[in-house]
Amino acid sequence: MIIDELKAANVKALKEHDKNARAILSVVLSKYKLMEIELNSSGKEMSDLDTTKLLNKIIKELNEELEGYKKVGNVEQVKAIEEQSELIKQYLPKMMSEKEVRDEIEKLPIKNIPSIMKHFKANFEGKVDMALVNAIAKEYK
């Protein structure tokens with residue numbers, strides 16, 4: 001599972017005294033634990049898909065933070081956040097390419113936007129950029 005890899009990376013960062021990696025991995029593990037508690041209280045288990053969604057959300061937050069530091073010219077923080085973002089991206093599943101999305105759409109019997117979006121959400125959630133799917137689906141009107 002992804003979380004096991006993240007925990008191992010956290011221990012490795014601790015042993016190597018990598019403060020930047022430890023900082024972001026600690027945030028990820030804390031948010032994971034909170035999400036796990038929330039899901040458990042509603043009778044659900046954490047899955048790799050939930051972890052992927054969490055990692056994507058954290059990357060989005062980092063990108064927003066990055067923009068703020070770029071505006072004020074804090075080069076040191078920009079570099080640190082870029083490194084943290086790249087570290088987290090290593091644990092995301094490989095995203096489908098535009099060609100793979102197009103090939104998958106070609107296989108579908110009905111090529112309207114709702115059916116295309118429903119198919120990708122059901123079968124490839126967390127492994128495809130839904131904005132890309134939507135843009136390509138609009139070509140099939």
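We use all heavy atoms of the structure for the numbers below, so side chains are in, but hydrogens, waters and symmetry mates are not.
- Paired with Y32 under the rule side-chain contact (heavy atoms from CB on, under 4.5 Å), one option of L54, I37, L55 passes, and it is L54.
- Among residues two or more places apart in sequence or in another chain, the salt bridge (Lys or Arg N to Asp or Glu O under 4.0 Å) test is passed with K70 by none.
- The stretch residues 48-93 participates, sequence neighbours left out, in no ring pair (Phe, Tyr, Trp, His ring centres under 6.0 Å) pair at all.
- Hydrophobic cluster membership differs between V11 and L29, with clusters built from Ile, Leu, Val, Met, Phe, Trp and Tyr side chains linked at under 4.5 angstrom.
- Screening residues 8-19 for side-chain hydrogen bond (donor to acceptor under 3.5 Å, both in side chains), with sequence neighbours left out, gives N10-R22.
- The CG atom of L6 sits 11.0 Å away from the OG atom of S26 when rounded to the nearest 0.5 Å.
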Exercise for the section: Show the numbers, then the answer: is there a side-chain contact (heavy atoms from CB on, under 4.5 Å) between L87 and N20? Expected result: CA-CA 10 Å; L87 176 70; N20 197 31; over 6 Å; no
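- A chain of hydrophobic side-chain contacts below 4.5 Å, direct or via other Ile, Leu, Val, Met, Phe, Trp or Tyr residues, connects I116 to M96.
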Exercise for the section: Apply side-chain contact (heavy atoms from CB on, under 4.5 Å) to L25 and L14, showing your working. Expected result: CA-CA 10 Å; L25 290 169; L14 179 65; over 6 Å; no
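- For E98, the salt bridge (Lys or Arg N to Asp or Glu O under 4.0 Å) test picks out R102, with sequence neighbours left out.
- Applying the side-chain hydrogen bond (donor to acceptor under 3.5 Å, both in side chains) test to every pair with at least one member in residues 54-65, sequence neighbours left out, gives these pairs: K31-E61.
- For Q90, the side-chain hydrogen bond (donor to acceptor under 3.5 Å, both in side chains) criterion is met by no residue, not counting sequence neighbours.
- Each of D129, V133, I136 was checked for a side-chain contact (heavy atoms from CB on, under 4.5 Å) with F120, and the lone residue meeting it is V133.
- For the atom pair H119 NE2 and E104 CD, the distance stands at 3.5 Å (nearest 0.5 Å).
- Considering every non-hydrogen atom in both K121 and M130, the closest pair reads N-CE, 3.9 Å.
- With values rounded to the nearest 0.5 angstrom, I88 atom CD1 is found 5.5 Å from I58 atom CD1.
- Hydrophobic clustering of Ile, Leu, Val, Met, Phe, Trp and Tyr side chains at less than 4.5 Å, counting indirect connections, keeps L108 apart from I110.
- Looking at residues two or more places apart in sequence or on another chain, you find no salt bridge (Lys or Arg N to Asp or Glu O under 4.0 Å) involving E67.
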Exercise for the section: Determine, stepwise, if the pair K94 / E100 fulfils side-chain contact (heavy atoms from CB on, under 4.5 Å). Expected result: CA-CA 12 Å; K94 181 186 171 289; E100 291 170 323; 3.8 Å; yes
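- For the pair G126 and M95, the tightest heavy-atom approach, listed with the atom from each and the gap, is O-SD, 3.7 Å.
- Between D103 and K99 a salt bridge is recorded (basic side-chain N to carboxylate O distance below 4.0 Å).
- Cluster membership for L132 and L92, using ILVMFWY side-chain heavy atoms within less than 4.5 angstrom, is not shared.
- Pairs engaging residues 37-50 under the salt bridge (Lys or Arg N to Asp or Glu O under 4.0 Å) rule: none recorded [sequence neighbours left out].
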Name each donor-acceptor pair under 3.5 Å that joins a side chain in residues 71-80 to protein atoms two or more places apart or in another chain, with its distance.
unit_1	atom_1	unit_2	atom_2	d
N74	OD1	Q77	N	3.2
K79	NZ	E83	OE2	3.2

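- Rounded to the nearest 0.5 angstrom, K118 NZ and I113 CD1 are separated by 15.5 Å.
- Residues passing the salt bridge (Lys or Arg N to Asp or Glu O under 4.0 Å) test with K89, sequence neighbours excluded: E86.
- Partners of L49 under the side chain to side chain contact (heavy atoms under 4.5 Å, CB included) rule, at least two apart in sequence or in another chain, are S47, K53, E125.
- Contacts of D4 classified as side-chain hydrogen bond (donor to acceptor under 3.5 Å, both in side chains), with partners at least two apart in sequence or in another chain: none.
- Under the side-chain contact (heavy atoms from CB on, under 4.5 Å) rule, E36 has a single partner from L34, L39, N40, which is N40.
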